[in-house]
Amino acid sequence: MKRKMVSALLCATMVAGMVVVPAATAQAADKKVIGVTMPTKDLQRWNQDGTNMEAQLKEAGYEVDLQYASNDIPTQVSQIENMINSGCQMLVIASIDGDSLGTVLEQAKEKDIPVIAYDRLIMNSDAVTYYATFDNYMVGTKQGEYIRDQLDLDNAAGPFNIELVTGDPGDNNARFFFGGAMDVLQPYIDAGKLVVKSGQTDFETVATANWSTETAQSRMDAIISANYADGTKLDAVLCSNDSTALGVTNSLEANYTGEWPIITGQDCDKPNVKNMISGKQSMSIFKDTRTLASKVVEMVDAVMKGGEAPVNDTTTYDNGTGVIPSL
Ligand code: BGC
């Protein structure tokens, strides 16, 4: 390695008559390393997020330490610790549980390593410098509006039966998705036009740990056998994302014989797109993770060059230590 650099220097000197370090050598010497950690490889979207971030950061001239944490919190904590100790200059973190990174991120703060919370807000840590995400509340609103419009709730007599399935309680996004949808649907529930036959309506009860397909499926199995096994029609299932929609669909296929309900989702994962084509899922929300990655790369670049990252929301996302400037 040393010999290579010397000969490159000599070569440059001979040709140009002065010491010109070849670009490749200069870059390799001071390339900054960005640590990127994603929650899991299980879902299509996080694989795409990781791949997009890695490719676009490399293109912008950075080295990338990309890790996936198998939805295991201690794994993610130790990956972040390694990134801090191995000299990463900045961290981009899509957390598994927004509340579990406070301690490890104190180390990042001590070393002045800026942190961008990627897609999911990291809670109760003042080490979070920026947050980049989609408009999660609007995702929920769109799902709620879809159900409202398809059932024509403002005109049809009803009542219609609905069940509710949202995401991981440790993922701050789940509250935004669910909140957005329920702000549309709650007035119809209050008016008796929408009926949640299971009676399961509060966030903690309708949450799905780890956004797991299997967990959503078994909860739906129980709901169907208790409320819809006698032929009662289920008109709609609000599912906050595609992995939970898949579980609900699997359960309905195995247990439900009535007319197929409306099922919502988000991410446009491949199995769900197939289900939409075959009529088993009604809609999904496509969030282009390439755009999120390119925006986050712009943020990283701005900070690494000593500036401030572009943001467009300084009011919505309070992580418990104050509002985090967000894009
Ligand atoms: C993301 C969704 C995703 C879910 C499960 C959320 O934080 O915003 O796109 O479906 O996590 O991975």
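None of these values were measured; they are calculated from a predicted model. Scope of the values below: all heavy atoms of this structure, side chains included, with no hydrogens, waters or symmetry mates.
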From I324 atom CD1 to M123 atom CE, the distance as rounded to the nearest 0.5 Å: 9.0 Å
Lys/Arg cation over aromatic Y62: K32, 6.0 Å, 45° cone: no
Centroid-centroid distance, Y317 to F176, less than 6.0 Å: yes
D230-T232 side chain donor-acceptor pair, cut-off 3.5 Å: yes
D221 and S251: side chain donor to acceptor below 3.5 Å: yes
Whether S70 side chain and D72 backbone form a donor-acceptor pair below 3.5 Å: no
Intermediate values then yes/no, side chain to side chain contact (heavy atoms under 4.5 Å, CB included), M182 and I189: CA-CA 9 Å; M182 291 311 279; I189 295 175; 3.8 Å; yes
Identified side chain to side chain contact (heavy atoms under 4.5 Å, CB included) counterpart of V196 within the set I162, V206, L185: I162
From T37, N85, I113, T75, residue fulfilling side chain to side chain contact (heavy atoms under 4.5 Å, CB included) relative to I80: T37
Over 12 foreign heavy atoms within 6.0 Å of NZ, K274: no
Residues R290, Q48; criterion side-chain hydrogen bond (donor to acceptor under 3.5 Å, both in side chains); working and verdict: CA-CA 8 Å; R290 289 166 299 189; Q48 286 170 342; over 6 Å; no
K109 with D126: basic N within carboxylate O range, under 4.0 Å: yes
Rounded distance [0.5 Å steps], CE in M220 versus OG in S225: 10.5 Å
Validation row: I147, F160 side chains within 4.5 angstrom (heavy atoms): no
Atom pair CE/CE of M299 and M90 - distance to nearest 0.5 Å: 7.5 Å
Short side-chain donor-acceptor distance under 3.5 Å, Q44 and K270: no
Non-hydrogen atoms of D119 and T133 that approach each other most closely: O-OG1, 2.9 Å
Donor-acceptor pair, side chain of D313 and main chain of S326, under 3.5 angstrom: no
Non-hydrogen side-chain atoms of Y146 and I262 separated by less than 4.5 Å: yes
